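Keep in mind it's a predicted model, so treat the numbers as computed, not measured.
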Amino acid sequence: MSQVFRALSDPTRRQVLQLLRKGPLSAGELSDQFDVSKPTMSAHFAVLKEADLVHAEKVGKSVIYHLKLSVLEDALLGFVHSFGAGSPAPKSKKESAR
């Protein structure tokens with residue numbers, strides 16, 4: 001789960017994921033949306049792949065990226081549940097003293 005949150009910590013990577021929500025895009029199409037170098041975008045793609053948030057598919061000379069939304073959903077649900085969401089809130093000291 002920490003790899004997912006590391007990947008989400010960067011605004012560029014979050015924007016890549018938002019673009020992929022509309023459907024698969026090539027590395028070139030994604031890179032064209034940002035004012036950064038191709039090696040920088042390649043590093044962002046590597047972090048997203050390491051977190052398993054995207055799937056890269058080689059098609060000819062292009063790399064097509066697909067969003068893996070289920071991985072993102074699972075990480076976010078796991079994070080929410082780690083705080084006891086859905087469980088009753090613990091009683092305060094005043095309520096326990098009664």
Side-chain angles (χ1 to χ4, degrees):
M1 184 165 46
S2 63
Q3 287 180 324
V4 171
F5 287 105
R6 176 178 172 257
L8 295 175
S9 70
D10 184 88
T12 299
R13 292 191 288 266
R14 289 193 305 267
Q15 191 171 353
V16 166
L17 295 176
Q18 288 175 337
L19 290 167
L20 290 174
R21 285 180 55 208
K22 298 172 188 165
L25 292 169
S26 71
E29 291 169 321
L30 288 164
S31 295
D32 289 345
Q33 302 294 315
F34 301 91
D35 191 25
V36 297
S37 69
K38 292 199 186 280
T40 298
M41 284 306 297
S42 193
H44 285 303
F45 297 147
V47 172
L48 291 168
K49 285 191 294 188
E50 184 180 314
D52 204 27
L53 291 171
V54 298
H55 166 70
E57 173 188 16
K58 184 87 168 156
V59 178
K61 292 184 178 182
S62 297
V63 177
I64 307 298
Y65 287 95
H66 303 261
L67 177 63
K68 294 175 86 174
L69 191 56
S70 62
V71 174
L72 180 58
E73 289 171 340
D74 289 345
L76 293 175
L77 284 173
F79 180 72
V80 168
H81 288 295
S82 72
F83 286 97
S87 303
K91 292 184 177 184
S92 67
K93 289 183 182 181
K94 285 184 179 180
E95 289 176 328
S96 296
R98 292 182 188 167

Handout entry: Verdict with supporting geometry, Val16 and Tyr65, side-chain contact (heavy atoms from CB on, under 4.5 Å)
Key = CA-CA 10 Å; Val16 166; Tyr65 287 95; over 6 Å; no
Practice task
For Arg21 and Leu67, run side-chain contact (heavy atoms from CB on, under 4.5 Å): C-alpha distance rounded to whole Å, both residues' side-chain angles, the deciding distance at 0.1 Å, then the answer.
Solution key: CA-CA 7 Å; Arg21 285 180 55 208; Leu67 177 63; 3.6 Å; yes
When you compare the side chain of [Y] with that of [X], does any pair of heavy atoms fall below 4.5 Å?
X     : Y     : answer
His81 : Leu77 : yes
Lys49 : His55 : no
Val54 : Leu20 : yes
Leu30 : Phe45 : yes

Side-chain donor/acceptor of [X] to backbone N/O of [Y], under 3.5 Å:
X     : Y     : answer
Arg13 : His44 : no
Glu29 : Ser26 : yes
Ser42 : Pro39 : no

Exercise for the section: Over all heavy atoms of both residues, which pair between Pro24 and Ile64 is shortest? Give the atoms and the distance, please. Expected result: CB-CG2, 3.7 Å
Practice task
Write down the atom of Ala51, the atom of Gln3, and the distance for their closest heavy-atom approach.
Solution key: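 Distance-wise, the nearest heavy atoms are CB-O, 3.5 Å.
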Practice task
Spell out, yes or no, whether Leu53 and Val47 are grouped together once hydrophobic residues are joined by side-chain heavy atoms under 4.5 Å, including indirect joins.
Solution key: no
Problem - Transitive ILVMFWY side-chain link Leu69 to Leu48, under 4.5 Å - result: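 The answer is yes; both residues are in one hydrophobic cluster.
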Exercise for the section: Drop me the distance from Leu25's CG to Ser62's OG, to the nearest 0.5 angstrom. Expected result: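 Spacing of CG (Leu25) from OG (Ser62) equals 11.5 Å.
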Completion exercise
Those residues at least two apart in sequence (or on a different chain) that pass salt bridge (charged side-chain N to carboxylate O under 4.0 Å, His left out) with Asp52 are Lys68
Practice task
With side-chain contact (heavy atoms from CB on, under 4.5 Å) as the test, would you mind laying out the steps for Phe34 and Thr40 before giving the verdict?
Solution key: CA-CA 10 Å; Phe34 301 91; Thr40 298; over 6 Å; no
Exercise for the section: In sequence, state the C-alpha distance, the side-chain angles, and the governing distance for Gln15 and Thr12, and then conclude on side chain to side chain donor-acceptor pair (under 3.5 Å). Expected result: CA-CA 5 Å; Gln15 191 171 353; Thr12 299; 5.9 Å; no
